[in-house]
Asker: 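Sharing a structure below in structure tokens format, with a few things to ask.
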Protein chains: 2
Amino acid sequence: MDMDIREIARRAKVSTATVSRAINRIPTVDPQLAKRVWKVVDELGYYPNTQARALVSGKSRIFGLVVSEITNPFFPEIVQTFENLAVQHNYEILLTSTIHDPKRMESSVRRMIERRVDGVAILTFGMEDSLIEHLRFRKVPLVFVDVGPDVPGVSNIRVNYQNGIRQAVQHLAALRHTRIAFVTGPLHLKSALARRDAFKTAMEEIGLPVAPEQIVVGDHTMEGGMRALDLISVRDCPTAVLCSNDMTAIGLMREAYDQGINIPHDLSVVGFDDIRLSEFMIPPLTTVQMSQTELAQIAFKALMNEVDGESPAQGKSEYELNTHLVLRRSTALAPGHDGRLKPLMVSGAGRGLSSPYRARRRKGMKPLA
Amino acid sequence: MDMDIREIARRAKVSTATVSRAINRIPTVDPQLAKRVWKVVDELGYYPNTQARALVSGKSRIFGLVVSEITNPFFPEIVQTFENLAVQHNYEILLTSTIHDPKRMESSVRRMIERRVDGVAILTFGMEDSLIEHLRFRKVPLVFVDVGPDVPGVSNIRVNYQNGIRQAVQHLAALRHTRIAFVTGPLHLKSALARRDAFKTAMEEIGLPVAPEQIVVGDHTMEGGMRALDLISVRDCPTAVLCSNDMTAIGLMREAYDQGINIPHDLSVVGFDDIRLSEFMIPPLTTVQMSQTELAQIAFKALMNEVDGESPAQGKSEYELNTHLVLRRSTALAPGHDGRLKPLMVSGAGRGLSSPYRARRRKGMKPLA
DNA sequence: CTAAGTTGAGCAAACGTATTCTCGGCATGC
DNA sequence: GCATGCCGAGAATACGTTTGCTCAACTTAG
């Protein structure tokens with residue numbers, strides 16, 4: 001019924017040691033015998049018991065992967081490429097999501113430790129330090145994005161937010177926008193702060209002052225994006241808005257639709273992350289790409305380096321991930337400028353323009369109920 | 001360094017057997033001793049080794065979860081609720097994605113077997129029968145959606161496609177649509193066929209004939225949806241289209257935007273699945289809900305039933321999942337009728353209407369390049 | 001032809017836990 | 001006061017592998 005290495009040994013008339021060595025392709029075993037073993041293995045459909053293997057070898061061949069929520073479209077892409085790499089290297093992945101909930105974070109690391117993972121990639125933004133300590137204490141290789149401590153055994157993927165955000169700001173400036181709003185993420189997240197600061201810096205670089213009321217705080221959700229539109233409206237009445245992530249931008253565009261605000265002609269919007277969906281938004285969302293695929297690849301490679309690395313003096317454990325603007329069609333010349341020049345490389349964005357919206361909006365009128 | 005049940009036993013001055021019993025809360029152990037054990041456990045931050053546990057108990061406390069692709073927005077929601085249930089019941093989940101690739105399917109079941117999962121939920125639509133046999137052979141409890149064989153040890157979740165699709169068709173008919181197209185999924189998928197057939201049935205029920213050219217085949221992707229728009233345009237020039245899934249609908253709407261076709265006024269579109277995003281589309285997508293949350297809950301419960309079930313004569317292993325229409329704003333009265341009546345409960349859908357599109361479209365003109 | 005070296009297979013000891021079985025101690029009933 | 005039960009703790013075994021060690025057989029050099 002349940003196959004056994006001993007059963008194989010019996011049928012192939014060799015010892016279990018030989019079976020084990022044959023299966024693991026250890027070259028010292030006689031090819032003749034190896035073939036005999038493999039024959040029996042195939043016939044019986046035998047698969048080694050991973051738990052037993054792990055127990056004796058001390059390696060579980062499992063990598064932990066901690067994300068914020070799987071339902072956040074930023075993550076599935078990461079999970080997918082991480083899984084692809086895992087199967088290639090005969091690893092399994094233990095996927096865990098902290099729903100921004102301390103309880104869940106705790107259970108998350110407990111699960112990692114119980115299953116004796118060989119390493120964990122913490123791709124969630126924001127995690128209790130004390131929990132991290134539990135993993136560090138057990139010498140589990142770790143990889144973080146941005147927030148990892150600078151100690152051996154933990155790698156860090158530094159994201160260059162500035163590049164992409166600078167490009168976004170300059171793109172908007174080139175389109176004659178001067179009143180540019182920014183919708184942040186949750187302010188307790190390092191990554192959200194970094195994006196906001198990058199925005200400020202980029203604005204200052206080109207001599208555009210940024211007043212406090214241009215910055216409204218969101219929460220990286222679509223609902224937050226919807227609320228954010230009202231917040232920026234009542235204030236400065238900006239002609240462009242940069243969002244801390246694509247979800248925010250999507251929610252904001254959706255709310256704009258409800259209020260009859262035409263994007264991009266009444267309002268240009270730029271997202272951040274470049275989730276796959278953003279290309280399919282209406283209009284397609286101009287956004288700053290932070291490649292999820294690349295992020296996952298780097299994270300996996302970092303883990304592999306730590307685990308293979310015989311010498312404790314491994315190579316560098318700092319990695320960098322760049323960001324850059326990808327132009328689509330959610331930005332246009334600032335209102336009032338559209339008669340003069342054609343929008344830059346935003347072909348097609350001009351269609352669907354409906355001047356009444358712009359008129360209504362610019363007079364500060366309430367949208368239709 | 002690495003904690004051990006023996007280390008705990010030593011420090012608590014008891015045997016390993018007692019430690020084991022204390023940890024597993026077996027009532028025969030003296031409360032006094034139990035407390036002593038727990039004290040040491042907490043102090044040392046000891047976590048039992050799951051592999052060793054699994055080895056001796058024969059239960060891995062892992063459920064396999066097979067999906068098509070994690071990046072398909074239909075699945076993350078499922079994974080999330082499946083995971084929630086898993087942590088509640090102290091299970092781990094082994095997530096696997098067949099990228100519609102036979103190789104991946106094979107590796108998928110191999111991984112399941114190697115890790116000795118206690119059960120697997122096959123939520124992908126379409127899977128090699130021979131592979132299933134491998135799992136059946138090892139008496140692994142299985143749960144399928146729609147396509148499972150009717151044998152003990154495998155549960156089945158029957159989806160009632162007819163209900164929701166009938167509602168969708170009747171909704172369109174009520175809006176005066178008579179030429180209704182349908183974009184199918186990949187035709188080798190049982191679930192895609194079921195949806196298509198449900199559409200035909202629903203049409204016939206209300207006396208609307210469905211000509212072959214009203215049905216175009218898609219592939220359940222956004223790109224497929226984009227292509228589908230052209231296919232339906234050159235043919236019957238329908239006023240409404242029902243899509244086999246939301247991704248298709250989203251792609252189609254996106255292409256409509258490019259071509260200057262206004263949705264819903266030139267063309268009504270209805271999706272299927274009700275992925276979370278559909279609510280945030282522009283316009284918000286009217287679609288047939290097939291609750292991902294509920295699906296995951298049923299799947300998990302089915303697995304739990306099989307694994308708990310002491311008696312081989314478990315309860316019923318057939319489950320049903322209903323579907324129903326959720327109205328949003330991607331449908332409107334058929335063109336030519338909009339002057340007379342107000343659209344039913346599609347408030348706001350009238351705004352953004354741009355008559356030139358409709359005019360252009362109805363004359364069969366090419367869209368702008 | 002013998003001694004030393006090489007090769008490759010089997011024996012047995014781990015790995016960390018659950019669990020059966022044994023057995024001592026205590027209470028209970030006569 | 002003694003035999004009988006019962007209760008709870010410990011000793012030992014099993015789970016399915018990997019791997020260090022032993023040792024037989026064979027090869028090669030002298």
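Below, each value reflects all heavy atoms present in this structure, side chains not excepted, and no hydrogens, waters or symmetry copies. So you know, we letter chains A, B, ... as the sequences are listed, proteins then strands, and number each from 1.
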Asker: Please pick, from D:dT19, C:dG16, D:dA9, the nucleotide with the shortest atom-to-atom distance to any side-chain atom of B:Asp30.
Answerer: D:dA9
Asker: Just how far, in rounded Å, is P of D:dA14 from CD of B:Gln51?
Answerer: 23 Å
Asker: Side chains of A:Thr124 and A:Ser68 only: does a donor on one sit below 3.5 Å from an acceptor on the other?
Answerer: yes
Asker: Report the nucleotide, chosen from C:dA18, D:dG10, D:dT17, that has the shortest atom-to-atom distance to any side-chain atom of A:Arg53.
Answerer: D:dT17
Asker: Check whether any side-chain heavy atom of B:Leu135 sits under 4.5 Å from a side-chain heavy atom of B:Leu131, and report yes or no.
Answerer: no
Asker: Could you check whether B:Val19 gets within reach of a base, just the sugar-phosphate, or nothing at all, counting any heavy atom under 4.0 Å?
Answerer: nothing
Asker: Which residue, B:Arg21 or B:Leu55, contacts DNA chain C at a nucleotide closer to its 5' end, judged by nearest heavy atom?
Answerer: B:Leu55
Asker: Pick the closest DNA chain D nucleotide for B:Val14 and for B:Val56 by heavy atoms, then say which residue is nearer the 5' end.
Answerer: B:Val14
Asker: To the nearest angstrom, how far is B:Gln32 atom CD from D:dA9 atom C1'?
Answerer: 15 Å
Asker: Kindly determine whether B:Gln292 and B:Thr81 satisfy side-chain hydrogen bond (donor to acceptor under 3.5 Å, both in side chains), including the steps that lead there.
Answerer: CA-CA 9 Å; B:Gln292 292 113 79; B:Thr81 71; over 6 Å; no
Asker: Looking at A:Ser15, I'd like to know whether one of its side-chain N or O atoms comes within less than 4.0 Å of OP1 or OP2 on C:dC11.
Answerer: no
Asker: Can you check whether A:Asn49 has a side-chain N or O nearer than 4.0 Å to OP1 or OP2 of D:dC15?
Answerer: no
Asker: Would you say B:Tyr46 reaches C:dT17's phosphate, i.e. side-chain N/O to OP1/OP2 under 4.0 Å?
Answerer: yes
Asker: Atom NZ of A:Lys59 to atom P of C:dA14: distance rounded to whole Å?
Answerer: 21 Å
Asker: Report the distance from atom CG of A:Asp4 to atom P of D:dT18, rounded to the nearest whole Å.
Answerer: 12 Å
Asker: Parallel, tilted or perpendicular for B:Phe63 and B:Tyr91, by the 30°/60° rule?
Answerer: parallel
Asker: Assign B:Ser57 to base, sugar-phosphate, or nothing according to its heavy-atom contacts below 4.0 angstrom with the strands shown.
Answerer: nothing
Asker: Can you tell me the distance, in whole Å, between the NZ atom of A:Lys13 and the P atom of C:dG8?
Answerer: 23 Å
Asker: Within less than 4.0 Å of OP1 or OP2 of C:dG10, is there a side-chain N or O belonging to A:Thr18?
Answerer: yes
Asker: Could you check how far CG of B:Asn24 sits from C1' of C:dT20, rounded to whole Å?
Answerer: 15 Å
Asker: Relative to the 5' end of DNA chain D, which residue comes earlier, B:Pro31 or A:Pro48, by the nucleotide with the nearest heavy atom?
Answerer: B:Pro31
Asker: Is the base of D:dG16 touched by the side chain of B:Arg116 through a donor-acceptor pair closer than 3.5 angstrom?
Answerer: no
Asker: For the pair made of CD1 in B:Ile26 and P in D:dC7, what is the distance, rounded to whole Å?
Answerer: 16 Å
Asker: Atom CD1 of B:Ile5 and atom C1' of D:dG10: how far apart are they, to the nearest Å?
Answerer: 13 Å
Asker: Is there a side-chain contact between B:Phe75 and B:Leu95, using heavy atoms and a 4.5 Å cut-off?
Answerer: no
